[in-house]
Amino acid sequence: MREHNEDEYLFGWNPTPGIVSVWAQRDGRAVIWRRDGERILCTRDSYRPWMLATTLDDLKHLGSMLQPFAPDTMHASVTYKELDGPGRSYRYVLFSRNMRVLESTVLTGASRRLGQRITAMNDLDTYYSVGPVEQYLMQTGQVYFRDMSYENLHRMQFDLETTALDPHRGRIFLIAVRDNRGLATTLEAPGPEDEKRMIQELCALILKHDPDVIENHNLFGFDLPFLEHRALAAGVTLEIGRAGSPRRTLDSYQETLAIGPEARKRTRYSLAGRELIDTLDAVRRHDFVVRDIPSYGLKDVARYFGIASSHRTYIEGSDIFETYRRDPARVRRYALDDVTEVDGLSRRLLGAPFALASMAPRRYERLASAGPAMGILEPILVRSYLHAGAALPYQAAQQSAEGGLHEGGMVQLLASGVAEHVAKADVASLYPSLMRTFQIGPSCDRLGVLLYILGRLTDLRLQHKEAARAAQPGSIEANHHAATQAAMKILINAAYGYMGAGSMALFADGRAAGEVTRRGRAILQQVLDALQQRGMALIEADTDGVYFAVPPDWTEQQERMLIAEIGAELPAGIRLEYEGRYRAMLSHEVKNYALLSYDGRLIVHGVALRSSRSEPFGERFLRKALRNTMLGNIVDVRAGYLDTVEALRKRKLPASDLATQVRLTKKPETYHAARQTHQEPAYEALIKAGRTHWHPGERVRFYRSTKGYVWLPDETEEAPVSDDWRARANGERPATTPDVSIRYADVANRRDYDVEYYVRLLTTSYAARLRKAFAPADFEQLFRPDTQLSLFDLDTPIEHIQPRWIRYQQALEAAREDS
DNA sequence: TGAAAGCGGGG
DNA sequence: GTGTACGCTTTCA
């Protein structure tokens with residue numbers, strides 16, 4: 001590894017500052033927008049479209065039109081450079097004036113060589129290519145945001161308020177818009193006839209303020225598709241791209257997912273000159289590491305991060321339009337509070353992707369949502385190899401022969417039941433530490449770039465962590481260092497996963513990945529043994545961490561000392577950390593448990609303890625019962641169960657408490673065709689309510705009454721909007737039967753539900769999740785819906801029932817000796 | 001028992 | 001078409 005360009009592997013080499021967006025086309029043209037204070041400079045550039053190849057065989061038919069690359073080879077249609085590397089590798093970089101030309105040339109040659117028509121580059125594993133922007137950035141060594149701070153970036157948030165969730169059934173009536181330069185306003189459409197004007201105003205506002213970034217929570221899943229649908233219905237073109245780009249409209253394309261009709265349509269969006277950021281992606285990525293965000297909803301997440309204002313306005317989703325008609329000012333406040341929270345989330349979570357964009361050769365918006373291994377680390381590795389003039393490894397064949405499968409991390413349930421005084425220890429960055437300590441990298445990485453990068457990132461990250469601590473809290477400098485260390489952590493954690501990735505990854509090495517997990521299991525086993533020798537009650541071990549119960553009288557200090565003592569026995573470079581302590585833990589199955597913190601918070605992990613149907617009454621019962629079980633208040637568990645049964649039998653609960661929600665996948669025709677043999681509650685509920693028409697994808701909330709299923713529409717009475725343009729465009733006949741319009745409020749309070757069905761559901765679906773906490777006979781007795789306390793003489797009095805305790809062994813023995 | 005489909009989140 | 005989200009679950013054959 002040469003000294004002088006080491007960090008070029010990590011950060012690129014071209015110093016161009018302030019790039020906020022890049023748009024490159026397959027014909028070699030690129031547009032770059034740079035920010036200089038409040039000014040935007042738009043420049044045009046060109047690059048040489050390229051791809052990597054293992055062979056030149058497919059280009060033989062070009063004859064003299066194929067030439068080795070030289071600055072003045074003007075007449076060749078394809079040129080190539082040879083890279084250093086073994087025979088079987090991506091040794092050639094092919095260049096052409098246009099990617100289209102390059103691809104069709106290769107496809108022609110490959111078809112000839114293989115004796116069959118090849119139409120897609122994807123069918124050839126002897127070539128490797130990346131998207132136009134990636135090509136441009138890798139070739140020039142440029143990256144986004146050089147010398148910029150996150151505060152420099154001009155970010156705009158907009159949020160739609162609509163009359164229904166489905167754009168087939170509702171419309172936009174309000175749009176809140178703000179930016180980090182002081183803009184905060186709403187655009188409104190009180191009646192359906194105002195919607196077109198409002199969408200045009202939104203476009204004008206975006207062009208006028210000209211942000212670098214457009215952000216919202218669930219932007220790709222809701223706002224953009226809804227906006228696109230309504231703009232099409234209103235006949236408005238969404239021209240919101242940046243001046244200087246060859247295309248100004250919002251671009252959307254369906255990712256062709258072969259199965260299903262419209263139901264599983266995944267749409268991607270892109271816009272020239274502006275980056276589209278969905279804070280929902282950022283939340284997901286954050287939780288991928290911390291794994292304790294209970295809900296990804298905007299309001300919940302804002303509270304979780306402590307950025308929700310105490311004065312913020314909350315309105316239930318289905319009430320928003322109703323509220324708007326009565327009290328529009330309240331909805332304006334609500335919508336502006338939403339975009340303010342999105343800005344807060346962005347500041348809290350997007351610093352890391354921002355920092356990543358100043359390292360990896362990809363668009364900021366892609367780095368914000370890309371998988372860290374294939375999406376971020378690999379482009380860095382590819383750029384490094386190309387910059388070093390080295391061939392990339394080709395290993396698709398041997399990879400599949402070796403079968404990338406290897407054993408994973410250690411996952412063990414060591415006890416189930418309820419434990420008190422629980423501590424958690426885990427090994428800090430277990431896999432990357434093992435890779436670094438034992439120098440385990442992919443064997444095909446001849447330059448050792450992955451291990452080099454890993455080591456460099458680890459060192460730099462410590463420096464940035466330290467600098468973040470030293471800087472004034474909340475200052476631009478502190479934020480910069482905090483975000484950079486977070487970005488580096490993402491890359492560090494991706495290193496192992498990348499080696500273990502299947503044959504898709506250029507530098508995958510299943511054997512090396514297996515070596516890492518093998519050593520990881522050994523380390524964790526060593527920790528488990530050490531804890532056990534000291535009498536701790538082991539509960540659950542998962543990859544790099546362990547939960548265990550300590551003696552009841554231990555302080556946090558004693559727990560920390562124990563972990564420090566055990567950590568000192570581990571190999572150098574491997575650090576055991578104290579992760580936290582809990583008042584109690586209910587251990588159900590591997591990766592499925594509940595924790596009760598010392599400050600009274602209930603944390604539920606794993607879906608075995610959650611419900612996917614999640615009728616509100618059942619969820620409430622379960623949370624209370626979990627808490628009481630962990631506190632040992634078994635009498636209260638029984639009481640909570642009986643209260644719920646009574647509330648059901650006396651019909652004290654509104655129907656909305658018993659409702660569940662399902663997404664439709666079948667069109668009306670499809671459902672009707674199969675209805676005789678197979679009925680499904682959600683569709684039956686709609687039909688019973690008089691609905692004849694629906695679109696796959698619609699969410700239906702319903703409950704079970706004594707006379708069938710009842711639809712609870714989460715809509716206001718203005719819905720549905722006319723949607724006939726689409727039927728006409730598709731050459732269909734517009735729906736002839738007018739849709740019914742029922743209001744949620746009219747039915748949500750009904751009490752005609754099927755009591756015995758819900759009593760059964762309470763027992764078999766919710767109480768059942770506490771089964772592991774009790775002995776079988778005790779469980780049966782606790783959750784028997786009759787109110788007679790004892791049917792059998794064998795019954796234990798409720799007040800004597802105990803959970804199945806998991807206890808510190810030596811403490812138990814000591815207690816026995818005392819008595 | 002294994003593969004395929006569903007789900008989150010948004011008004 | 002400006003690259004394969006994601007990591008689980010439930011359901012179905």
Side-chain angles (χ1 to χ4, degrees), chain A residues 21-26 30-31 99 120-122 128-137 159-167 169-174 216-226 245 247 251-257 259-260 263-264 266-272 275-276 278-281 283-285 287-288 291 293 295-301 315-324 331 334-335 338 362-363 365-366 368-375 378-379 501-502 504-505 591-592 606-608 610-613 661-663 665 678 699 714-716 719 744:
Chain A
S21 198
V22 174
W23 186 261
Q25 291 174 273
R26 289 156 62 87
V31 186
M99 198 63 185
M121 290 303 298
N122 274 342
Y128 180 89
S129 66
V130 298
V133 174
E134 285 80 4
Q135 289 187 34
Y136 174 77
L137 293 174
D159 186 45
L160 308 184
E161 304 302 329
T162 64
T163 60
L165 276 173
D166 184 343
R169 295 187 61 77
R171 63 174 182 93
I172 311 167
F173 68 89
L174 184 144
N216 198 19
H217 201 66
N218 205 13
L219 181 70
F220 299 127
F222 181 72
D223 298 85
L224 289 181
F226 204 111
S245 70
R247 100 175 278 161
D251 219 16
S252 77
Y253 50 95
Q254 306 286 320
E255 224 158 33
T256 31
L257 210 57
I259 308 137
R264 210 71 210 137
R266 216 179 54 205
T267 313
R268 297 200 81 101
Y269 293 87
S270 72
L271 190 57
E275 309 287 311
L276 301 173
D278 192 335
T279 49
L280 178 58
D281 286 329
V283 169
R284 286 189 186 125
R285 178 182 284 173
D287 195 41
F288 185 70
R291 289 186 177 281
I293 304 183
S295 150
Y296 292 172
L298 175 63
K299 282 84 176 166
D300 298 321
V301 171
I315 308 175
E316 196 62 42
S318 50
D319 296 338
I320 294 173
F321 187 52
E322 288 287 325
T323 309
Y324 180 68
V331 175
Y334 165 82
D338 267 8
R362 298 193 73 189
R363 288 188 73 169
E365 65 170 31
R366 306 274 355 161
S369 64
M374 294 293 286
E378 182 159 285
M504 290 279 97
K591 295 179 201 261
N592 283 278
V607 240
R610 293 186 175 191
S611 178
S612 60
R613 290 174 62 100
Q661 206 172 227
V662 158
R663 186 191 296 276
T665 55
H678 184 61
R699 276 279 194 78
D714 287 325
E715 296 173 343
T716 42
Y744 177 76

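For clarity, every value in this text was computed on a predicted model and none was experimentally measured. Values below: all heavy atoms of this structure, side chains included; hydrogens, waters and symmetry mates excluded. In what follows, every chain begins at residue 1, and chains take the letters A, B, ... in the order their sequences are listed.
In this structure, the CZ atom of A:Phe222 is 15 Å from the C1' atom of B:dG8, given to the nearest Å. Between the CZ atom of A:Arg285 and the C1' atom of B:dG8 there is a distance of 17 Å, rounded to whole Å. Going from atom CG of A:Asn592 over to atom P of C:dC8 covers 11 Å, rounded to whole Å. Taking atom CE of A:Met99 as the reference point, atom P of C:dG3 lies 13 Å away to the nearest angstrom. B:dG10 atom P lies 10 Å from atom CG of A:Asn216, rounded to whole Å. Rounded to a whole Å, the CG atom of A:Asp300 is 13 Å from the C1' atom of B:dG10. Between A:Tyr334 atom OH and B:dG10 atom C1' there is a gap of 9 Å when expressed in whole angstrom units. Atom CG in A:Asp338 sits roughly 9 Å away from atom P in B:dG10 (whole-Å rounding).
Checking C:dG1, B:dG10, C:dG3 against every side-chain atom of A:Arg26, the shortest atom distance belongs to C:dG1. Of the candidates C:dG3, C:dC6, B:dG10, B:dG10 carries the atom nearest the A:Leu165 side chain, counting heavy atoms from C-beta on. Listed nucleotides: C:dG3, C:dA5, C:dC6. Nearest to the side chain of A:Arg284: C:dA5. In the set C:dC6, C:dG3, B:dG10, the nucleotide with an atom closest to the side chain of A:Pro372 is C:dC6. For A:His217, whose side chain is taken as the heavy atoms from C-beta onward, the closest listed nucleotide among C:dG3, C:dC6, B:dG10 is B:dG10.
Across all strands, A:Leu219 comes closer than 4.0 Å to no nucleic acid atom at all (heavy-atom distances). Within 4.0 Å (heavy atoms only), A:Gln135 reaches no atom of the nucleic acid at all. Among the atoms of the strands shown, only primed sugar atoms or phosphate atoms (P, OP1, OP2) are found under 4.0 Å from some heavy atom of A:Asp159. At the heavy-atom level, A:Ile172 lies nowhere under 4.0 Å from the strands shown.
With both ends at atom P, the span from B:dG10 to C:dG3 equals 25 Å, rounded to whole Å.
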Exercise for review: Please assess A:Arg171 against A:Phe321 for the test side chain to side chain contact (heavy atoms under 4.5 Å, CB included), listing each intermediate value before the final yes or no.
Suggested key: CA-CA 10 Å; A:Arg171 63 174 182 93; A:Phe321 187 52; 3.8 Å; yes
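Take A:Tyr324 and apply the ring-ring contact (aromatic ring centres under 6.0 Å, His included) test, not counting sequence neighbours, and it matches A:Phe173. Residues forming a ring-ring contact (aromatic ring centres under 6.0 Å, His included) with A:Phe226 (at least two apart in sequence, or on another chain): A:Phe222.
Listed for the A:Asp251 side chain is no donor-acceptor partner under 3.5 Å among the backbone atoms of A:Ser270.
Residues A:Asp338 and A:Lys299 form a side-chain contact, since some pair of their non-hydrogen atoms from C-beta on lies under 4.5 Å apart.
Phosphate contact (OP1/OP2 of C:dG3, side-chain N/O of A:Arg362, threshold under 4.0 Å): present.
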